[in-house]
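All of these numbers come straight from a predicted model, not from anything done at the bench. Scope of the values below: all heavy atoms of this structure, side chains included, with no hydrogens, waters or symmetry mates.
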There are 2 protein chains.
Amino acid sequence: MTKKLPDKTVERLSQYRRALLNYLASGKHHIFSHEIANLLHITAVQVRRDIMLIGYTGTLRQGYDVKELIDIIGKIIDSRDGQKVAVVGIGNLGRAIMGYFSGKRTKLNIVAAFDTNPEKVNKIYAGIPCYHNEMLKDIIKNEGISIAVISVPGEYAEKVAEDLILAGIKGIINFSPKPLNVPSHVYLQEFDIVTMLEKVAYFVKKA
Amino acid sequence: MTKKLPDKTVERLSQYRRALLNYLASGKHHIFSHEIANLLHITAVQVRRDIMLIGYTGTLRQGYDVKELIDIIGKIIDSRDGQKVAVVGIGNLGRAIMGYFSGKRTKLNIVAAFDTNPEKVNKIYAGIPCYHNEMLKDIIKNEGISIAVISVPGEYAEKVAEDLILAGIKGIINFSPKPLNVPSHVYLQEFDIVTMLEKVAYFVKKA
DNA sequence: TTAACACTGTTATTTTTTTCACAGATATTT
DNA sequence: AAATATCTGTGAAAAAAATAACAGTGTTAA
């Protein structure tokens with residue numbers, strides 16, 4: 001199972017798991033591919049194919065064992081000992097992200113936040129300590145943080161990314177509008193809110 | 001030029017425009033495809049293809065006229081009279097989004113925010129009035145708002161989406177972790193932060 | 001004036017992702 | 001027990017997106 005899965009499949013697996021955890025609360029133990037599909041509003045074939053790709057197999061006429069499936073997905077997408085995450089830039093967006101994770105105990109732990117604003121440095125946000133950006137390299141290295149979320153204004157994004165890369169970060173999620181350049185051993189996911197809005201606007205506009 | 005462009009091309013066009021507006025400040029009036037490519041860290045072919053798709057053509061040996069290109073992109077992705085946008089859910093994320101747009105005058109105008117929290121209702125955030133969710137349908141209709149950003153907790157997302165659709169919304173950006181189901185005449189863009197992080201974690205994890 | 005060069009525009013190819021179509025298996029109905 | 005219905009797993013086809021390859025054309029250099 002070492003073979004890398006398609007990008008999109010990994011995204012959906014994460015969503016399957018969340019939906020299934022929720023579904024467990026209904027007390028049912030089995031679920032059909034078309035039921036999963038309905039939860040995410042996608043097609044049943046897609047669900048079956050994704051599940052096929054991770055090597056799990058359901059039972060005919062009964063569908064998939066919910067707990068087993070949740071477990072398998074965990075084995076695939078989680079890393080054994082969890083991964084540490086840092087958030088750089090404690091504006092509204094940074095705090096929103098920290099809020100999403102606070103309380104939940106998953107394999108992904110936000111363990112540090114960074115900002116340059118002295119008002120914010122050395123405070124605790126959603127249970128996470130905020131350090132000055134100057135500390136970034138040291139803390140990333142010492143804590144073994146492998147993933148960083150960049151939620152600083154565009155002007156600073158490049159510099160932050162450089163520092164992160166020098167510190168040995170492995171994955172970056174960039175919320176700033178500045179496209180980043182990363183070496184091939186760093187996985188980069190960009191997300192640009194303005195662009196997303198403009199795209200929606202394009203597909204919405206009636207001539 | 002009524003033919004719909006590929007999804008990804010539209011995203012990139014939005015990014016080209018922003019990069020080009022910035023590039024104008026350098027005082028240069030022309031730009032080569034490979035220079036645009038460098039700005040976004042993509043390939044020159046991709047840039048040329050996108051530009052081909054919108055029917056613009058550069059001049060050999062000089063590249064593209066920056067202002068013209070910006071104009072053409074605007075003609076393609078903006079709608080003539082602009083579009084109105086609403087943000088539903090004024091948590092950190094909602095405020096972050098409003099912050100991105102405040103001040104900038106583009107063809108996309110956030111004209112209303114909604115929340116259920118009485119502390120927030122009837123206040124102004126980043127210049128945008130916040131109404132109670134009860135007002136949603138009326139205001140969407142009366143103001144002619146065509147796009148909505150959902151930044152409420154998952155539990156409320158479905159209900160909000162229903163109301164938006166009843167109100168005649170055309171496009172939705174969903175930041176909640178609850179997958180939405182929309183009729184085919186509504187364009188939906190989902191963005192799930194937890195899933196994105198889990199995806200990055202997967203591609204980053206060593207063994 | 002000819003050769004080398006540097007770009008664009010586009011066709012062809014490849015890769016990635018989704019959808020179709022159906023064989024196989026087991027429960028249910030008649 | 002045969003016929004029917006239901007659901008999985010997957011090969012094959014289609015659709016979407018990215019990349020390669022190159023013809024064409026003006027520019028510069030020799």
Side-chain angles (χ1 to χ4, degrees), chain A residues 1 3-16 20 23 28-66 68-69 72-73 179 184 187-190 195 199 202-203, chain B residues 1 3-16 20 28-66 68-69 72-73 76 179 184 187-190 195 199 202-203:
Chain A
M1 183 47 57
K3 190 108 133 308
K4 283 290 183 237
L5 299 167
D7 211 275
K8 299 293 172 145
T9 293
V10 176
E11 281 181 28
R12 282 189 299 263
L13 287 173
S14 161
Q15 296 177 315
Y16 296 160
L20 290 170
Y23 181 84
K28 299 210 203 156
H29 294 168
H30 288 83
I31 190 167
F32 296 129
S33 64
H34 64 263
E35 293 178 301
I36 300 179
N38 285 340
L39 292 174
L40 304 221
H41 311 298
I42 59 177
T43 70
V45 201
Q46 187 134 68
V47 173
R48 292 206 300 278
R49 178 161 300 276
D50 287 335
I51 291 176
M52 181 191 108
L53 288 173
I54 61 177
Y56 181 64
T57 153
T59 45
L60 195 45
R61 224 84 240 275
Q62 293 204 72
Y64 305 96
D65 182 294
V66 180
E68 274 180 27
L69 187 45
I72 297 274
I73 293 176
S184 63
Y187 186 92
L188 173 65
Q189 168 75 49
E190 311 239 18
T195 283
K199 183 176 77 166
Y202 171 80
F203 284 106
Chain B
M1 181 48 56
K3 190 108 133 310
K4 282 291 182 233
L5 299 167
D7 212 274
K8 300 290 174 154
T9 292
V10 177
E11 280 180 28
R12 282 190 298 265
L13 288 173
S14 160
Q15 296 176 315
Y16 296 159
L20 290 170
K28 299 209 203 157
H29 293 170
H30 288 84
I31 190 168
F32 296 128
S33 64
H34 65 262
E35 293 178 299
I36 299 179
N38 285 341
L39 293 173
L40 307 218
H41 311 297
I42 59 178
T43 70
V45 200
Q46 187 133 71
V47 173
R48 292 206 302 277
R49 172 163 298 278
D50 288 334
I51 291 176
M52 181 190 107
L53 288 173
I54 62 176
Y56 181 63
T57 153
T59 44
L60 196 44
R61 216 97 223 286
Q62 292 204 75
Y64 306 96
D65 182 295
V66 180
E68 274 180 26
L69 187 45
I72 296 274
I73 293 177
I76 304 277
S184 63
Y187 186 91
L188 173 66
Q189 168 73 49
E190 311 238 19
T195 282
K199 181 176 79 165
Y202 170 80
F203 285 105

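Residue A:Thr57 is in sugar-phosphate contact alone, with no base atom involved, counting any heavy-atom pair closer than 4.0 Å across all strands shown.
Counting to the nearest Å, the P atom of D:dT19 and the CD atom of B:Gln46 are 6 Å from each other. Rounding to whole angstrom units, CZ of residue A:Arg49 and P of C:dA21 are separated by 14 Å. Taking atom CG of B:Leu53 as the reference point, atom P of C:dG9 lies 12 Å away to the nearest angstrom. As a whole-Å value, the separation of A:Phe32 CZ from C:dA27 C1' is 11 Å. As rounded to whole Å, 9 Å separates atom C1' of C:dC7 from atom NE2 of B:His34. Nucleotide C:dA6 holds its P atom 14 Å from the CD atom of B:Glu35, rounded to whole Å. Between the P atom of C:dT8 and the CG atom of B:Asp65 lies a distance of 13 Å, rounded to the nearest Å. Here C:dC20 presents its P atom at 14 Å from CD1 of A:Ile42, a figure rounded to the nearest Å.
Relative to the side chain of B:Lys8, the nucleotides D:dA18, C:dG9, C:dT10 differ in distance, and D:dA18 lies closest.
Contact of the A:Ile36 side chain with the A:Leu69 side chain is registered, since non-hydrogen atoms from C-beta on lie closer than 4.5 Å. Side-chain contact check for A:Glu190 versus A:Pro179: some heavy-atom pair is nearer than 4.5 Å.
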- Verdict with reasoning, B:Tyr56 to B:Asp65, per side-chain contact (heavy atoms from CB on, under 4.5 Å): CA-CA 10 Å; B:Tyr56 181 63; B:Asp65 182 295; 3.5 Å; yes
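Ranked by how close their nearest DNA chain C nucleotide is to the 5' end, B:Arg48 and A:Leu60 are led by B:Arg48. Where A:Met52 and B:Thr43 meet DNA chain D, the nucleotide closest to each residue was compared, and A:Met52 sits on the side nearer the 5' end.
Classification of the B:Phe203-A:Tyr187 ring pair by plane angle, with boundaries at 30° and 60°, yields parallel.
The shortest distance between the side-chain N/O atoms of B:Ser33 and the OP1/OP2 oxygens of C:dT8 is below 4.0 Å. For B:Arg12, a side-chain nitrogen or oxygen approaches OP1 or OP2 of D:dA18 to under 4.0 Å.
A donor-acceptor contact under 3.5 angstrom links the side-chain atoms of A:Arg61 to the base of D:dT6.
Figure legend: cation-pi geometry between B:Lys4 and A:Tyr202, with NZ or CZ positioned under 6.0 Å from the six-membered ring centre and within 45° of its axis.
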